[in-house]
Amino acid sequence: MKPKPAAAPEGANPLANAGGSIVPRHVAIIMDGNGRWAAQRGLPRVAGHRAGAEAVRKTLRAAAECGVDTLTLYAFSSENWRRPEGEISDLKGLLGYYLERELNLLAKEGVRLKLIGDYAAFGPDLVERLEKAIERLAENSRLTLVVALNYGSRTEIADAARTLARKAKAGTLDPDSIDEGALGAELQTAGLPELDLLIRTSGEVRLSNFLLWQAAYAEMLFTPVLWPDFDETQFKAAVAEFAARQRRFGGR
Ligand code: IPE
Ligand code: IPE
Ligand code: MG
């Protein structure tokens, strides 16, 4: 007899895994391993980042084909500023280049773009191009691509706490009414579906300050594949693995 699906918390995909073939609504990926991929080939790190951008294109297509609603990609963490200036500038350059190059394709594929993280730190030129892209893709609804740029989960949670504190101080919010929902509604991911599946490539088994709150009941998948080698086949295998898991949300 099939086990009864556990009751999902509000906002979670109630059908996820109940029938064993349901696709995750929201998938997030920590795209790691570009540098090691390049090093293995005797190439500069930037070559790994370039190859990583190609993997984004393949993954996006696979996610759309699978019927995933939201794909969140960790592109630059708030800790990545610790890298040498040259690498940061390469990453910014690649972001601008691929944004330009892929925009028509994103439009054609029905992709909507959303950003999380303090992306203003990337400078007015990139900010303008990013915001223009968001505007151009705003009416699309097939898949929401969320790109995390200068994102850090602890800062996101602290920011949300500060907003709630300000509202309480101003007298527009009763402190006793603050619950999970109230804090979640102040996070940058507010309005997105609950995170179902979190993937990290490159063999590292850590979250590196990514979606700490949102990952509470996400299924985790860690693969040794380096990000530039991730493709449609890898993504579909991850979705199949998700379908085979049994989520319980604390129930039995
Ligand atoms: C991920 O690849 C890309 C970013 C963090 C921007 P890395 O650059 O971290 O590659 P490794 O981990 O050094 O191999
Ligand atoms: C996490 O990868 C950030 C992104 C993939 C953008 P890192 O390579 O920066 O993480 P650590 O330093 O290995 O934890
Ligand atoms: Mg890394």
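Predicted, not measured: the structure shown is a model, and the values here were computed from it. Note: hydrogens, waters and symmetry copies are ignored here, and every other heavy atom, side chains too, is used. Atoms within a ligand are numbered from 1 in the order they appear, just like the ligands themselves.
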* To do: Considering only non-hydrogen protein atoms, determine which one is nearest to atom 1 (C) of ligand 1 and report residue, atom name and distance to 0.1 Å.
  =>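 The answer is Met31 O, 3.0 Å.
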* To do: Among all protein heavy atoms, pick out the one at the shortest distance from atom 6 (C) of ligand 2; state its residue, atom name and that distance to 0.1 Å.
  => Tyr74 O, 3.3 Å
* Is there at least one pair of N or O atoms, one from Ser208 and one from ligand 2, spaced under 3.5 Å apart? ->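 Yes, there is a polar N/O contact under 3.5 Å.
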* **Asn80, any N or O under 3.5 Å of ligand 2 N or O** =>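 Such a contact does occur with ligand 2.
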Residue [X] vicinity, atoms of ligand 2 by number, heavy atom under 4.0 Å:
X: Ile30; result: 1 (C), 5 (C)
X: Phe76; result: 6 (C)
X: Arg83; result: 7 (P), 8 (O), 9 (O)

* Asked: atom 10 (O) of ligand 2: which of Arg200, Arg36, Arg206 has the nearest heavy atom?
  ->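 The option holding the nearest heavy atom is Arg200.
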* Asked: Under a 4.5 Å side-chain heavy-atom rule over Ile, Leu, Val, Met, Phe, Trp and Tyr, are Phe230 and Leu73 clustered together?
  -> yes
* Are Glu131 and Tyr119 close enough that some pair of their side-chain heavy atoms sits under 4.5 Å apart? -> yes
* **Polar contact flag for Gly35 and ligand 1 (N/O pairs, less than 3.5 Å)** => yes
* Is there a nitrogen or oxygen of Asp32 sitting under 3.5 Å from a nitrogen or oxygen of ligand 1? -> yes
* Sequence neighbours excluded, every pair satisfying salt bridge (charged side-chain N to carboxylate O under 4.0 Å, His left out) that has a member inside residues 197-213 ->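 Applying salt bridge (charged side-chain N to carboxylate O under 4.0 Å, His left out) to every pair that reaches into residues 197-213, excluding sequence neighbours, yields Asp32-Arg200, Arg36-Glu204, Glu204-Arg206.
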* Asked: Relative to the heavy atoms of His49, which atoms of ligand 1 are at a distance of less than 4.0 Å?
  ->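 Taking each heavy atom of His49 in turn, ligand 1 has 3 (C), 8 (O) under 4.0 Å.
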* **Numbered atoms and elements of ligand 1 in range of Ala75, under 4.0 angstrom, heavy atoms** =>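 Under 4.0 Å from Ala75, ligand 1 has these atoms: 6 (C).
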Which donor-acceptor pairs under 3.5 Å do the side chains of residues 58-71 make with protein atoms, sequence neighbours left out?
from: Thr59; atom 1: OG1; to: Ala55; atom 2: O; distance (Å): 2.8
from: Arg61; atom 1: NH1; to: Glu232; atom 2: OE2; distance (Å): 2.9
from: Glu65; atom 1: OE1; to: Lys236; atom 2: NZ; distance (Å): 2.7

* Asked: Relative to each other, are the rings of Tyr151 and Tyr74 parallel, tilted or perpendicular (30° and 60° limits)?
  ->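 Judged by the thresholds at 30° and 60°, the geometry between Tyr151 and Tyr74 is perpendicular.
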* **Geometric class of the Trp81/Phe122 ring pair [parallel <30°, tilted 30-60°, perpendicular >60°]** =>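 It falls in the tilted class, 30° to 60°.
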For [X], is the [atom1] atom crowded, meaning more than 12 foreign heavy atoms sit under 6.0 Å from it?
X: Arg166; atom1: CZ; answer: no
X: Arg154; atom1: CZ; answer: no
X: Glu180; atom1: CD; answer: no

* To do: Establish, from distance only, whether the side-chain atoms of Glu186 and Thr163 form a donor-acceptor pair under 3.5 Å.
  => no
* **Between Tyr98 and Glu54: side-chain donor-acceptor atoms closer than 3.5 Å** => yes
* Closer than 4.0 Å: a protein non-hydrogen atom to atom 12 (O) of ligand 2 -> no
* For ligand 1, is Ser202 a contact, meaning one of its heavy atoms is under 4.0 Å away? ->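 Per 4.0 Å heavy-atom rule, Ser202 does not contact ligand 1.
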* Of the side chain and backbone of Glu204, name the one, both, or neither that has a heavy atom under 4.0 Å from an atom of ligand 1. =>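 Answer for Glu204: neither.
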* In Asp32, which N, O or S atom comes closest to the Mg ion (ligand 3)? ->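 Of all N, O or S atoms belonging to Asp32, OD1 is the one nearest the Mg ion (ligand 3).
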* Asked: Should the proximity of Phe210 to ligand 2, defined as any heavy atom under 4.0 Å, be assigned to the side chain, the backbone, both, or neither?
  ->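 For Phe210, there is no contact with ligand 2 at all, from either part.
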